[in-house]
Amino acid sequence: MYGSRIMGYRHIDTGALYGTEVALGEAIRQSGIARKDLFITTKLPWHHTKRVRESLDESLKRVGLDYFDLYLIHWPQTVVYENDNPAPLGADGSLKIDETCDFNDTWKEMEKVLASGKVRSIGVSNFSIKTLEQLLKTAKVMPAVLQIELHPYLAQNELVQWCKGKGIVVVAYAATGYSVVREDPTIIALARKYNVTPTQVVLSWHIRRGTGFVTKSENAGRQEENLKVIELHEEDARQIDALDKNRRLCIKPDKQGKVFGWSFDRLGWQEERAPHTEAKL
């Protein structure tokens, strides 16, 4: 937080599942930054979907704030509430999923905490067009933000355009695609062309697309690096667009093909595209 203060960061992204809310609160108090100058996001953990108000109050207490600027449903699925264990496992070792609660019910409670003034806006994370369309069947308030894994190898063009049409701001996590994307020959070549780092190339691509992003680093040099972007030429942006493989690097399916208890189909996620190979006679 101290490095972030010096570098000029004002948007802080956290979540109850991360276990960082207490430390964040302490850092905010020691930073000397006025609350009104910060934008703080946290997330409802997946095992608290039946206790939204209580969970929000607990998060506020841990951080030591009166309100959050943005409150997100962290995942569309609900995990069984069992002694406040965020990852209860069944006999087969899989995550215990609670099928008695759906995200439409949770969203109704999110709308209530929005009305309470304890959050300034509400949104979702890890949703898709499929799950968003289901949510909007009963929602009275449009989600302000969708936070998803998004980078050049997972461009999610259809979802991004769909959200723009609804006025939903898309925010990327795993935004640089880790070293896998940063070391892609195209990204390296563009970094050399513009005399910047691969990270700066990728973050500039996000800005050109009109998507926000959250970054993570404990290194002061990288924190400063993340703030410096460039204006990509059209032909260079198209080169980055062409890297899309629909490949997830942060969240991957387990041996059963599921992501935290849900199939790709249920999540509304697309499978990775197979690499193109030329047919031979």
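Just so you know, residue 1 is the first one in the sequence shown, and it goes up from there.
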Contact list for residues 81-101, test ring-ring contact (aromatic ring centres under 6.0 Å, His included), sequence neighbours left out
His48-Tyr81
Residues pairing under salt bridge (Lys or Arg N to Asp or Glu O under 4.0 Å) where one sits in residues 73-86, two or more places apart or in two chains, turn out to be Glu82-Lys96
Identify, with sequence neighbours excluded, every residue that meets side chain to side chain contact (heavy atoms under 4.5 Å, CB included) alongside Tyr178.
Ala174, Leu249, Cys250
Is the closest basic N to carboxylate O distance between Arg29 and Glu26 below 4.0 Å?
yes
Take Glu21 and Lys43 through the test salt bridge (Lys or Arg N to Asp or Glu O under 4.0 Å) and record every step on the way to the result.
CA-CA 10 Å; Glu21 290 178 331; Lys43 305 175 188 72; over 6 Å; no
Hey, can you pull the donor-acceptor pairs under 3.5 Å for the side chains in residues 69-76, sequence neighbours left out?
unit_1	atom_1	unit_2	atom_2	d
Asp69	OD2	Arg35	NH1	3.0
Asp69	OD2	Arg35	NH2	2.8
Asp69	OD2	Ile40	N	2.8

Sequence neighbours excluded, which residues qualify as ring pair (Phe, Tyr, Trp, His ring centres under 6.0 Å) partners of His151?
none
Residue pairs passing the salt bridge (Lys or Arg N to Asp or Glu O under 4.0 Å) test with at least one member in residues 171-194, sequence neighbours excluded, are Lys193-Asp236
With Tyr67 via ring pair (Phe, Tyr, Trp, His ring centres under 6.0 Å) - residues at least two apart:
none
Listed partners of Glu109 passing side chain to side chain contact (heavy atoms under 4.5 Å, CB included), at least two apart
Val52, Lys112
Sequence neighbours excluded, the answer for side chain to side chain contact (heavy atoms under 4.5 Å, CB included) partners of Ala144 is Ser121
Contacts of Asp102 that satisfy salt bridge (Lys or Arg N to Asp or Glu O under 4.0 Å) - sequence neighbours left out
none
Does any pair with a residue in residues 152-168 pass salt bridge (Lys or Arg N to Asp or Glu O under 4.0 Å), and if so which ones, sequence neighbours excluded?
none
Please identify each residue that fulfils side chain to side chain contact (heavy atoms under 4.5 Å, CB included) with Lys130, with sequence neighbours left out.
Ser128, Asp265
